[in-house]
Amino acid sequence: MAVVLWLLLLSAFHAVVVLAQQRHFNITLGSSLTPITNSSWFSPSRRFAFGFYEQTNGYAVGISIVGMPKKIAVWTANRNSPVVQSNAVLLLTSDGRLIVQVGSQEISVINPSLAIGSASMLDTGNFVLYNSDHNIIWQSFDNPTNTLLPGQHISAGQELFSSTSEADDSHGIFRLKMQEDGNLVQYPVNTPDTAPYAYYSTGTDGKGNNVTLNLDDDGLLYLLNSTMSLKNLSDGGYPRGKAIIYMMKIDVDGILRVYSHSLNQQNSSARWSSTYDKCTPKGLCGLNGFCVNLDDQVQCSCLPGFDSVMPGNWSAGCERNFTAETCQLKENTSKYYTMRTADNTIWEDSTYVVLVKTTIEDCEQACLQDCNCEAALFKDTECKKQRLPLRFGRRDMTNSNIALVKVGINVLPEEGALPNHIEETKGKKIRIDILIVGITLAVFGLLVLGISGFLIHRTHVWNYRKIQECRSVQLCEDVAPRAFSYAELDHATSGFKEGLGRGAFGTVFKGILAEDQKVIAVKRLDKELVEGETEFQTEIKIIGRTHHRNLVRLLGYCLDESRRLLVYEYMSNGSLADTLFTPEKQPTWEERCGIARDIARGLLYLHDECDTQIIHCDIKPQNILMDDQFCAKISDFGMSKLLKKDQTRTYTGVRGTRGYVAPEWHRKLPVTVKADVYSFGVVLLELICRRKCVDLSLNENESILEYWVYNCYDAGDLDKLVKDEEVEGRQLERMVKISIWCIQDEPSLRPSMKKVLLMLEGTVEIPVPPSPTSFLSAI
Ligand SMILES: *[C@@H]1O[C@H](CO)[C@@H](O)[C@H](O)[C@H]1NC(C)=O
Ligand SMILES: *[C@@H]1O[C@H](CO)[C@@H](O)[C@H](O)[C@H]1NC(C)=O
Ligand SMILES: *[C@@H]1O[C@H](CO)[C@@H](O)[C@H](O)[C@H]1NC(C)=O
Ligand SMILES: *[C@@H]1O[C@H](CO)[C@@H](O)[C@H](O)[C@H]1NC(C)=O
Ligand SMILES: *[C@@H]1O[C@H](CO)[C@@H](O)[C@H](O)[C@H]1NC(C)=O
Ligand SMILES: *[C@@H]1O[C@H](CO)[C@@H](O)[C@H](O)[C@H]1NC(C)=O
Ligand SMILES: *[C@@H]1O[C@H](CO)[C@@H](O)[C@H](O)[C@H]1NC(C)=O
Ligand SMILES: *[C@@H]1O[C@H](CO)[C@@H](O)[C@H](O)[C@H]1NC(C)=O
Ligand SMILES: *[C@@H]1O[C@H](CO)[C@@H](O)[C@H](O)[C@H]1NC(C)=O
């Protein structure tokens with residue numbers, strides 16, 4: 001009985017299948033299509049269409065979803081052939097070929113081994129060709145391009161390729177491969193199927209050579225071997241229905257996504273994606289470019305010294321911005337090159353030599369002196385030399401790699417000073433011209449002289465491992481702040497004779513160390529400020545360990561009964577306040593931008609990158625010091641940690657006036673790193689306008705810099721801010737927008753220093769800032 005029922009059921013089922021098959025619309029021999037009129041053959045319920053669809057410069061032939069506001073192609077014929085124009089005709093010829101005719105030219109669209117008898121666009125999105133016996137001889141489901149539909153599967157050995165752009169379905173730069181080892185892997189195009197190139201994988205290798213990728217009509221994306229479900233990639237279980245079409249696509253940006261398209265609601269959404277970090281796909285930014293991901297915005301940039309080959313097309317990458325010249329002159333390479341840095345930047349490891357236990361300065365020099373070295377990655381104490389091209393670059397804030405890139409010198413030093421090979425914008429940019437050898441020789445004679453002294457001292461370090469042991473011992477001694485006796489410092493400063501200035505916490509004196517004639521700055525802290533000896537020592541150790549080129553080095557300290565002294569490296573060019581507010585000494589716009597980036601880097605390090613977070617609490621031009629190469633360094637950091645807990649507040653307040661102090665100080669709210677961001681914003685305003693933040697000698701509208709700048713910005717009158725100085729409008733606007741973001745009254749609206757730095761470096765767009773007080777007035 002049960003068997004009969006079963007048979008009945010089976011035959012009913014069979015009848016349904018046959019019926020469904022018969023309902024397929026037959027496209028008969030002799031049918032034709034043109035791009036403008038009769039452009040498609042539809043599936044019975046008009047969900048899918050086969051025919052012409054529009055591309056950037058013409059028409060492609062393929063399958064698309066019908067009835068969505070935007071054309072959604074799921075399969076494309078001849079992806080890499082040129083698109084055709086509106087005079088083309090798609091023809092199923094009477095002798096069984098599917099071709100496009102352009103004038104007298106015939107292009108084969110699909111070329112099955114047998115003559116076609118008829119064709120059918122099915123409701124599943126599968127386009128099928130039959131022979132005259134109505135057997136399937138070809139189907140689009142077996143020949144996927146970039147999309148997987150329910151009912152279709154990607155089997156071992158098959159590969160999908162992303163499109164070039166949304167409006168151009170030719171092969172792009174990413175691929176998805178169902179490997180014979182059972183693993184589903186994404187790679188950039190033109191790379192071998194090996195792990196170093198993979199940027200996504202399901203980790204199912206070893207699961208056999210019969211694994212397929214499948215999609216269900218509820219959006220479940222999963223891997224199946226011939227017997228069972230191996231792994232679910234998407235969750236699935238999304239709404240089903242005739243009017244909802246799911247598909248998986250390898251998108252232009254290299255990411256796999258499962259989409260649902262609602263025919264009724266005319267909308268689409270991504271239900272699943274292989275990654276949420278859009279910088280993951282390797283090679284997104286092309287050779288010598290790097291990818292920055294910021295709150296889901298992804299942007300490509302070129303490494304320092306490189307420019308985009310084809311602006312607007314990042315996959316074309318970046319090329320050197322200068323002519324690489326004469327590296328045969330080994331000993332003189334530093335005449336032609338300098339090193340530029342890009343923090344937190346990594347790329348495919350193409351190391352050919354590793355120097356261990358070295359410093360960043362030595363790493364720069366080692367690369368400069370090596371004709372093969374075109375860039376280096378520095379991390380901890382390792383220096384990895386690299387050759388071009390640099391692939392798969394990305395900036396990742398969690399990564400402490402510092403990229404060093406060799407670039408042609410186009411920066412001439414000012415007033416005969418040595419060019420600063422770390423900072424980007426010093427002096428005026430002039431391209432080397434071989435004809436002006438005289439000038440270059442004069443200038444670089446100085447440079448070589450300077451560096452050769454340095455070299456003689458350091459050469460050993462590059463002899464790799466042999467000498468490193470002693471080097472590292474020396475390094476340790478260098479790094480840790482040492483204890484000085486009071487007598488020593490008294491002698492070094494000749495009895496605290498030459499005062500350099502008085503800060504909030506004490507007086508600073510110039511001194512010279514007897515042992516090595518090193519010039520130092522000694523800060524004598526006011527008494528009673530400091531807590532017990534052990535706390536002081538602990539904090540000194542923490543602060544002494546902070547090491548960054550934009551922080552003034554703490555060399556040592558002195559604890560002598562109640563006396564507390566701190567010993568710093570000496571900064572020969574005084575404070576930013578001196579330079580910025582003295583009309584004769586004012587730095588150029590470019591230099592000021594450089595100073596802003598210096599300060600931002602120093603602050604970022606204090607906030608995010610050293611062992612314990614340090615809030616400076618007192619960022620102002622008086623605390624930014626300039627070394628002999630006008631590299632800006634933050635001083636007095638860590639004071640908040642050294643001093644008694646209630647002292648910082650008392651000593652930083654500029655009460656009543658809006659100075660550098662964030663509003664939360666006055667409001668007794670918790671103070672976070674965002675307080676430093678505020679102060680940085682004010683300093684940035686001062687850098688832009690070359691004036692103090694409060695200047696009561698000016699008229700009322702202008703006296704408070706913050707208000708004045710916002711008013712000018714609001715009125716679109718930025719030129720006022722720089723007066724007679726010529727500054728490129730877009731650059732000025734960027735800087736002003738960044739500072740307005742930083743001085744928002746509401747701390748949470750201020751960007752982090754990470755973001756600030758990215759904005760300063762021009763790698764991210766800057767949204768229009770609100771009025772600094774808007775948040776408060778709203779509540
Ligand atoms: C489809 O075309 C084939 C000939 O190519 C024919 O035998 C078949 O009956 C047709 N089916 C329908 C439903 O028209
Ligand atoms: C479009 O195709 C239909 C049916 O095949 C035909 O009747 C009609 O004339 C065609 N229109 C044009 C403009 O070719
Ligand atoms: C792979 O699957 C096909 C069909 O499911 C089956 O015929 C074949 O034997 C399988 N091969 C292996 C190695 O399991
Ligand atoms: C399918 O995968 C399961 C689990 O890994 C395994 O036990 C089974 O043998 C596989 N089947 C085939 C045909 O490879
Ligand atoms: C995947 O999900 C389906 C439906 O939710 C479930 O039946 C199946 O067991 C899952 N497969 C695995 C490997 O988890
Ligand atoms: C379409 O929009 C509606 C309403 O906004 C939403 O509920 C639905 O999930 C959307 N469907 C898709 C496929 O995005
Ligand atoms: C590239 O070169 C141009 C002039 O040739 C210069 O203006 C620009 O600053 C250079 N870019 C970099 C990143 O060095
Ligand atoms: C972008 O550049 C790549 C590499 O040079 C090239 O293959 C591709 O066609 C370009 N794309 C566009 C849209 O120009
Ligand atoms: C630099 O190159 C010149 C030739 O251009 C050579 O005569 C000179 O010795 C080199 N200078 C150094 C310091 O090696």
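Both counts, for ligands and for their atoms, begin at 1 and track the order of listing. One-based numbering along the sequence shown. Heavy atoms only: backbone and side chains are in, while hydrogens, waters and symmetry mates are out.
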- Nearest non-hydrogen partners of K207 and L230, listed with the distance: CB-CD1, 3.8 Å
- Any idea how F127 and W41 line up, ring-wise: parallel (<30°), tilted (30 to 60°), or perpendicular (>60°)? parallel
I'd like a table of the close N/O pairs between ligand 5 and the protein (anything under 3.5 Å), one pair per line with both atom names and the distance.
residue  : atom   : partner : partner atom : Å
ligand 5 : 2 (O)  : N232    : ND2          : 2.3
ligand 5 : 11 (N) : S229    : OG           : 3.1
ligand 5 : 11 (N) : N232    : ND2          : 3.1

- Listed by chain and number, what are the side chain to side chain donor-acceptor pair (under 3.5 Å) partners of Y199, not counting sequence neighbours? Q186
- In terms of ring plane angle, is the pair Y710 and Y713 parallel, tilted or perpendicular, where the classes change at 30° and 60°? tilted
- Task: List every atom of ligand 4 that sits less than 4.0 Å from any heavy atom of T227, numbering the atoms from 1 in the order shown and giving each element.
- Result: 1 (C), 10 (C), 11 (N)
- Query: Would one find an N or O of S226, backbone or side chain, under 3.5 Å from an N or O of ligand 4?
  - Reply: no
- Atom indices of ligand 6, in the order listed, that fall short of 4.0 Å to a heavy atom of N267: 1 (C), 2 (O), 3 (C), 10 (C), 11 (N), 12 (C), 13 (C), 14 (O)
- Quick note, side chain to side chain donor-acceptor pair (under 3.5 Å) partners involving residues 280-293, not counting sequence neighbours, are T275-T280, D277-N293
- Message: Quick one about T164 and S170 (side-chain donor to acceptor, distance below 3.5 Å, no hydrogens or angles considered), yes or no?
- Response: yes
- Item | D218 with R240: basic N within carboxylate O range, under 4.0 Å | yes
- Message: Using a 4.0 Å cut-off to any heavy atom of S269, which atoms of ligand 6 qualify?
- Response: 12 (C), 13 (C), 14 (O)
- Message: Suppose we screen for ring pair (Phe, Tyr, Trp, His ring centres under 6.0 Å). Which residues come up paired with Y222, at least two apart in sequence or across chains?
- Response: none
